[in-house]
Amino acid sequence: MTGRRAFRWPSLLTADGRGIAFGGDYNPDQWPDEVVAEDIRLMREARVNTVALAIFSWDRIEPREGEFTFDWLDSVIDRLGRAGIAVDLASATASAPMWLYENHPEVLPVDKYGHVVNAGSRQSWRPTSPVFKRFALRLCRRLAEHYKDNPYVTAWHMGNEYGWNNRYDYSDTALEAFRAWCEAKYGTIDALNEAWGTAFWSQHVNSFQEVMLPRHMGGDSMVNPPQQLDFERFGNDMLLDFYKAERDAIEEICPGKPFTTNFMVSTDQCCMDYAQWAPEVDFVSNDHYFHEGESHLDELACSDALVASLAADHPWYVMEHSTSAVQWKPLNSRKRNGELLRDSLAHVAIGADAINFFQWRQSTSGAEAFHSAMVPHAGADSKVFRGVCELGKALETLSRAGVQGTTLRRRGTAVLFSAESEWATRSETLPSMRLDHWHAVRDWYRALLDAGTRADVVPLAHDWTGYDTVILPNVLALSDEDVRRLDGFARAGGTVAIDYATGIIDERFHAGLGGYPGAGEGLLRGMIGVRGEEFNILGAQAEGEPGEIALSNGMRTRLWQTDVTAVAPDTTVVATYEGDAAEDWELAGTPAVTRHPWGAGEAIYVGCDLDRHDIARLARTLFTKVDGVCVMPATGDADDDADAAETPAAVVPADGDDPRVLHTVRDNEDRTVRFDFYLNRSACPVTLTGVDGETIIAHRCAAPVADAPAAPAHCATVTLARNAILVTRTVR
Ligand code: GLA
Ligand code: GLA
């Protein structure tokens, strides 16, 4: 990847500027001024050393059009800084003041039905509005001029979660910008007609002036998929351009300080193509909100694995997560005892050097009053605040031990993620609307954990050729170039695994000819040694039809089977469909899972959907190069803490790959110091034997070592309770 900005990390206000950053979004604009003194006292008690400030404070800074006042912000920054708390200062443009919307309603976005999106929430602005840009950049410049020499402002936090509310804008300004974007991309109208397949449904356009946005077209009518996919790219690009304009406006006046914006990576959203955004920030930061239930830790790890790849081996920043419940789901579970610290340190285990929360003090009014915070409604005398203090202490212990700046050790297997395929899987024109690329990545990631190996999650656009094995779960869209890269990788000895929906279209959303998968003009089919002709889709609507089909290896498929009609002679058929349902669907004996040598490597094809437990079993037999050997035993009752605690602990070696334990390593630059992080994935206790190194953190661990987390001791055997984390340091 070219043109990546240099890595720059915000300093703390410590003597040497170093330390793991700890704090949260600080919104003192919601409170009377006297609360600030109390906040700072509590921040110091909790060892908070950094806050993200003024994210929604535009109305405070510019209360009326053109009238700027910094007194309030100066005073807050000054008090924080003197207390040793560094400020990550926002560009404050995420939410514009009401006067701006009232005076300039032309900045409001328009939804696909043509309705104006009203002000009153956040990001009620068009990314393509020149009027909004003028106001936003003026604010950025005023902030930069005012704070350029402020020693307490150590980083710039641009916007907030770009695209959260204005990802899709169908206004006339967007239309004009989209036409220009299409012209820049395609050059000629013929190229656009070809790419969009406009021969279908009389959609030929004579000039870029006839190009339309994919606005609502009535009833259930389907949007042209290539047009929709380009609209996704366009929305991503407009917001990225907006971010860059804000960043550049500040940087021109205030060079030298690091810039970031908080991404929204978790495995149920993929707002932006962050592989394009990551090179434009000086340090990657992310907002992650936990998933309740048994996927809690796995989901966090999978999401973080992608963030770690976006950060390109540099540390990254948790800009927001929650101490406990959020308030924006239909049902909002709180965190269990120990999860606040465990989740935070799990992020550190996967490369984070900063742990921040939304938000410092829980609001009493507004839309997020029931969202947890570092200081909850109950006040400082509370479980949550004590947990926050415990975390502050643990992060300080990790800082002192030298974790900051160490590098997450890479694995041999990469699961590839593509934002474009994620957008493509949302199309309502595919054989099944139940495809979800990101969830498929998560299923494979978790299955590999269950099989005893942890993979990396890597953007398709990155260079993944250093891995032994790459897995492409439902990477729907592959360009010819992508397929050539896979071909070269396998020929050179790599293992490529694709599944049933991978490569069924190219990057223009065109299906290839000659059989499935069609990407790469036959090259992908050649690699896997398989040709499919149709897709067999199972579903509830086919009344009385078999809803699942068995495989000859005992597995089951419930959604999608590619009707494979030919395999190359050197293909090994690992499993076929069999049994009554397979007979009924005329698939008995049809290859379901195959492997095919390709150059010095191999290509594996999984022609049907499998649940994660079956994927884990398959991974164990198929991938000789992945490190894992065992399969996760059936999970205990995750809701019964008491019973789980009484279950005898499983005993596993610390240096093995056991599915019950999530193990990561962070090394210093010359690999003379390593930190091992062990997290218990299961609801039952796990005893690690042969643990090497000195104990740095032992959270919910019972061991023949001192209880105090900071106590260094050599320990051979440690029992990890549910939600436990053990961190050790080994010096060579
Ligand atoms: C209708 C339309 C056709 C086609 C089919 C698809 O019958 O007239 O053009 O869209 O549906 O099932
Ligand atoms: C996002 C936003 C925050 C807050 C949290 C709540 O991450 O950036 O301002 O709304 O969600 O979970």
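Both counts, for ligands and for their atoms, begin at 1 and track the order of listing.
Every residue two or more places apart in sequence or in another chain that forms a side chain to side chain contact (heavy atoms under 4.5 Å, CB included) with Asp33 is listed here: Val36, Arg79. When the ring pair (Phe, Tyr, Trp, His ring centres under 6.0 Å) test is applied to His157, no partner is found at least two apart in sequence or on another chain. Applying the salt bridge (charged side-chain N to carboxylate O under 4.0 Å, His left out) rule to Arg247 yields the partners Glu280; only residues at least two apart in sequence or on another chain are considered.
Tyr445 and Trp438 have their aromatic ring centers separated by at least 6.0 angstrom. No close placement of the Phe290 and His321 rings is indicated, their centers lying 6.0 Å or farther apart.
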Give me the pairs of N or O atoms, one from ligand 2 and one from the protein, that sit under 3.5 Å apart.
unit_1   : atom_1 : unit_2 : atom_2 : d
ligand 2 : 7 (O)  : Glu161 : OE1    : 3.4
ligand 2 : 7 (O)  : Glu161 : OE2    : 2.6
ligand 2 : 7 (O)  : Glu320 : OE1    : 2.2
ligand 2 : 8 (O)  : Asn160 : ND2    : 2.7
ligand 2 : 8 (O)  : Glu161 : OE1    : 3.3
ligand 2 : 8 (O)  : Glu320 : OE1    : 3.2
ligand 2 : 8 (O)  : Glu320 : OE2    : 2.7
ligand 2 : 9 (O)  : Arg122 : NH1    : 2.8
ligand 2 : 10 (O) : Arg122 : NH1    : 3.2
ligand 2 : 10 (O) : Arg122 : NH2    : 3.1
ligand 2 : 10 (O) : Glu368 : OE1    : 3.2
ligand 2 : 10 (O) : Glu368 : OE2    : 2.3
ligand 2 : 12 (O) : Tyr289 : OH     : 3.4
ligand 2 : 12 (O) : Trp328 : NE1    : 2.6
ligand 2 : 12 (O) : His371 : NE2    : 2.7

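Ring pair His146/Phe70 is parallel by interplanar angle, where below 30° counts as parallel and above 60° as perpendicular.
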